Amino acid sequence: MKPAHTHVVGAGLAGLAAALSLVEAGVRVTLHEAGPHAGGRCRSYFDRALGCRLDNGNHLLLSGNRATFAFLDQVGARHTMTGPTRPLFPFMDLASGERWTLRPNLGPIPWWMLVPGRRVPGMRLRDALPALRLHRLPATTTVADALPQGVLYHRLLEPLAIAALNTPTDQASARLLGAVMQETLAAGGGACIPAFPREGLSESFIDPAIAWLEARGTEIRLGSRVARIGLGNGRATALDDTPIGPDDAIVLAVPAPVAATLLPGVSVPDRFEAILNVHYRIEACATGDLREAGFIGLVGGTAEWIFIKPGIVSVTISAGNRAVDTPPEALAQQVWQDVGAALQLSASMPPYRVVKEKRATFAATPEQDALRPPVRTEWTNVALAGDWTATGLPATIEGAIRSGRSAAAALI
C-alpha cells in the first residue's frame, strides 16, 4: 500500500528522482532541503569574480545512462543537452603530443576495434577482452589487478575508470567499472554517445524538476534542515518535532555521513575522494573532432578532461585527493599548461576559479562498496536514496537517479 504522504529529505538528484516518482504515483510529497538551493552537488551558480555562470562540476553523460535520460524526459529537459550526435571521444597524450579519436560503431558488435583510425593507437586487441569480464570478477578485485597495463589501459581504460569511479585504479573496484562498461562500451556505440548540459546543470536537471514538482502541488522547503528522526516500533514516528502518521513515509536522500547520524546503525561508506575543477574565463576556438565533441580527454597530465563552453574552458581532475591540498594558484598554473597544449593556446593564464569538492564521492574501493546499504531499511516506512547506496554503480548521476527511483518503488 503506497503512503499517503512522504517526506523526501534532501533535494539533490536522488531526492528529486524519488519525489518525481512518488508524485507521479499519486503520493503527496514534502521536499526538505537544508541548503538555500536544490541540486546538492549537481547545480550551477553565478561566479561574480569571473562574471559568468559555472557548474560546480563537469559531468559527461552517455546515451546508455537510461535512468538519467528518463529523468530528463519526465521533466521535459532532454532538449537542454548538447554534444556530438555520434560516439566520439577525442584524446591527447601530453607526453608524446599524439592525438586520436575513439569512434565506436553504433551496433553491439565492436568491429570499430579492427579499424586503426577508430581505436586507441598501439593497442592490442587481446587487451580489450579482460575489460568485458570485469563484472564477473570477485568483489575484492581492483581495476589495476584485473587489467593488463599496456597501451589500451593507459590511454583509455585507466582514464575511463578514474572518471567513472573517482578513485585511483590500484584501489578502485573492478566490479563497479565492469557495471559501467556493461551499460556503455560493451553495449555498443549506440550507448556511448556523449552528452552534457548546453547551459548548466541547474538549467537541465534541477530547475525543470523543481518546476515539474511545484506544478503538481509539491511543497518544497528550502533551508529546512532535518536534525532528528524519531524511531519506534519498527518505523519512523517523527521528523524533528513533526509526527509521522501511520500512512506517512520518509525518503532519506542526504549524504552518507548525515544518514548515519539520523539512522543509528545504518552502514554507510566512510572514505571519500575529492574532485577538483578549474574554470578559465577564455573563449577557446576548437576545430575538427574537438569542436564536434566539445571536450577532450588527456593522458599523462594533471588535467584529465577539458570541456569547451561559450566563454569558459572547464577542467576536471578526478580522484583528486592527491591534489586537493595544492594552493589554487599553483594548481591553476599547472593545469593551464595542459590546457594550452591540448587546445593550442599560447596566451598567458586567464582569470580562473578553482573549485575543490573534498568529499565529492565515496571512494569506490571493494571495501567501501561492501559498506553501501540497500534502499530498504529496518524501519518499514523509511527508504534510503543516494549515489552511496547499493545501486551496483559507482557514485554517478545515473546511480543517484536510480537510487531515488528505487527508494520510491520500495515505499510504493
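Because only heavy atoms are used, hydrogens play no part in the values below, and waters and symmetry mates are left out as well, while side chains stay in. Here the structure is a predicted model, which means the values were calculated and not measured.
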Notebook entry, point to check: Does the Glu357 side chain pair with the main chain of Ala274, one donor and one acceptor, at a distance under 3.5 Å?
Noted result: no
Margin query: Side chains of Glu273 and Pro168, heavy atoms from C-beta outward: is any pair under 4.5 Å?
Written below: yes
Notebook entry, point to check: When rounded to the nearest 0.5 angstrom, what distance separates OG1 in Thr169 from CG in Leu157?
Noted result: 10.0 Å
Item checked: Considering all heavy atoms, the nearest Pro148-Asp127 contact -> CG-OD1, 3.7 Å
Checklist line | Asn277 side chain vs Val355 backbone, donor-acceptor pair below 3.5 Å | finding: no
Notebook entry, point to check: Side chain of Ser202, backbone of Gly200: donor and acceptor closer than 3.5 Å?
Noted result: no
Check: Within a strict 4.5 Å, meaning less than it, do heavy atoms of the Leu239 and Ile244 side chains meet?
Finding: yes
Next item on the list: Tell me, with the steps shown, if Val8 and Thr218 meet side-chain contact (heavy atoms from CB on, under 4.5 Å).
Entry: CA-CA 11 Å; Val8 176; Thr218 301; over 6 Å; no
Check: Is it true that the side chains of Asn65 and Glu183 contain a donor and an acceptor less than 3.5 Å apart?
Finding: no
Notebook entry, point to check: Can any side-chain N or O of Ser63 pair as donor or acceptor with the backbone N or O of Ile193 at less than 3.5 Å?
Noted result: yes
Item checked: Over all atoms of both residues, closest heavy-atom pair of Pro87 and Pro104 -> CG-O, 3.1 Å
Check: Is the CZ atom of Arg291 crowded by more than 12 outside heavy atoms at less than 6.0 Å?
Finding: no
Checklist line | Matching residue for Arg271 among Gln368, Glu367, Gln171 - test: side chain to side chain donor-acceptor pair (under 3.5 Å) | finding: Gln171
Margin query: Within the supplied structure, the quantity of interest is the number of heavy atoms (other residues, nucleotides, ligands) at a distance under 6.0 Å from Arg225 CZ; does it exceed 12?
Written below: no
Checklist line | Modelled atom types, side-chain donor and acceptor of Thr316 and Glu304, under 3.5 Å | finding: no
Check: When rounded to the nearest 0.5 angstrom, what distance separates CG in Leu176 from NE2 in His135?
Finding: 13.0 Å
Check: Do Ser173 and Asp369 have side-chain atoms, one donor and one acceptor, less than 3.5 Å apart?
Finding: no
Check: What are the two closest non-hydrogen atoms of Val251 and Ala407, and how far apart are they?
Finding: CG1-CB, 4.0 Å
Notebook entry, point to check: Are Ile210 and Leu16 close enough that some pair of their side-chain heavy atoms sits under 4.5 Å apart?
Noted result: yes
Next item on the list: Begin from the C-alpha positions of Asp289 and Arg99 and carry the test salt bridge (charged side-chain N to carboxylate O under 4.0 Å, His left out) through to its verdict.
Entry: CA-CA 11 Å; Asp289 290 340; Arg99 295 174 184 265; over 6 Å; no
Checklist line | Any side-chain heavy-atom pair of Phe196 and His59 under 4.5 Å | finding: no
Notebook entry, point to check: CG of Leu252 to NE2 of His7: how many Å apart, nearest 0.5 Å?
Noted result: 12.5 Å
Item checked: Interatomic distance, Ser348 atom OG to Gln333 atom CD [nearest 0.5 angstrom] -> 9.0 Å
Check: If only atom types and distance count, is the side chain of Trp212 paired as donor or acceptor with the main-chain N or O of Gln74 below 3.5 Å?
Finding: yes
Checklist line | Leu114, CG: over 12 other non-hydrogen atoms inside 6.0 angstrom | finding: yes
Margin query: Ignoring hydrogens, what is the shortest heavy-atom contact between Pro197 and Ser204? Give both atom names and the distance.
Written below: CB-OG, 3.4 Å
Margin query: Using the rule given for side-chain contact (heavy atoms from CB on, under 4.5 Å), can you reason through Ile229 versus Val9, listing the C-alpha separation, both sets of side-chain angles and the distance that settles it, and then say yes or no?
Written below: CA-CA 11 Å; Ile229 295 178; Val9 183; 5.8 Å; no
Notebook entry, point to check: Can you check whether Thr396 reaches Thr68 side chain to side chain, under 4.5 Å on heavy atoms?
Noted result: no
Item checked: Pair Thr391, Arg372: side-chain N/O donor-acceptor within cut-off below 3.5 Å -> yes
Margin query: Walk me through whether Asp93 and Trp100 qualify under side-chain contact (heavy atoms from CB on, under 4.5 Å).
Written below: CA-CA 9 Å; Asp93 188 323; Trp100 67 93; 3.9 Å; yes
Notebook entry, point to check: Would one find more than 12 heavy atoms of other residues, nucleotides or ligands at under 6.0 Å from atom CZ of Arg228?
Noted result: yes
Checklist line | Main-chain N/O of Ala163 paired with Ser318 side-chain donor or acceptor, under 3.5 Å | finding: no
Next item on the list: Taking all non-hydrogen atoms of both residues into account, name the closest pair between Leu384 and Pro373 and its distance.
Entry: CD1-CG, 3.7 Å
Margin query: Holding to side-chain hydrogen bond (donor to acceptor under 3.5 Å, both in side chains), I want the full list of residues that pass it with Asp73, two or more places apart in sequence or in another chain.
Written below: Arg78
Note to self: With a 3.5 Å distance limit and no angle check, can you tell me whether Arg124 reaches the backbone of Val151 through a side-chain donor-acceptor pair?
What the structure shows: no
Donor-acceptor pairs under 3.5 Å, side chain of residues 17-26 to any protein atom, not counting sequence neighbours: which ones?
unit_1 : atom_1 : unit_2 : atom_2 : d
Ser21  : OG     : Ala17  : O      : 3.3
Ser21  : OG     : Arg405 : NH1    : 2.8

Checklist line | Lys/Arg-Asp/Glu bridge criterion (N-O < 4.0 Å) met for Arg281, Asp47 | finding: no
Check: So, Glu292 and Arg86, do they make that salt bridge, N to O below 4.0 Å?
Finding: yes
Margin query: I'd like to check Arg402 versus Arg66 (side-chain heavy atoms, cut-off strictly below 4.5 Å). Are they in contact?
Written below: yes
Notebook entry, point to check: Taking everything shown except Glu219 itself, do over 12 heavy atoms lie less than 6.0 Å from its CD?
Noted result: yes
Notebook entry, point to check: Are Val315 and Trp336 close enough that some pair of their side-chain heavy atoms sits under 4.5 Å apart?
Noted result: no
Margin query: So Arg155 and Met123, do their side chains get closer than 4.5 Å, heavy atoms only?
Written below: no
Checklist line | Non-hydrogen atoms of Ala293 and Pro84 that approach each other most closely | finding: O-CD, 3.6 Å
Margin query: I'd like to know if the side chain of Asn105 and the backbone of Trp112 have a donor-acceptor N/O pair within less than 3.5 Å.
Written below: yes
Checklist line | Flag, side chain of Arg41 to backbone of Ala360, donor-acceptor distance under 3.5 Å | finding: yes
Next item on the list: Rounded to the nearest 0.5 Å, what's the gap from CD on Gln182 to CG on Leu393? Could you check?
Entry: 11.5 Å
Note to self: Nearest 0.5 Å, please: how far is CE in Met113 from CG in Leu185?
What the structure shows: 8.5 Å
Notebook entry, point to check: When you look at Leu343 and Leu290, which way does the side-chain contact (heavy atoms from CB on, under 4.5 Å) test go after all the steps?
Noted result: CA-CA 9 Å; Leu343 304 186; Leu290 178 53; 3.5 Å; yes
Check: Under the 3.5 angstrom rule, does the side chain of Thr142 hit a backbone N or O of Ala172 as a donor-acceptor pair?
Finding: no
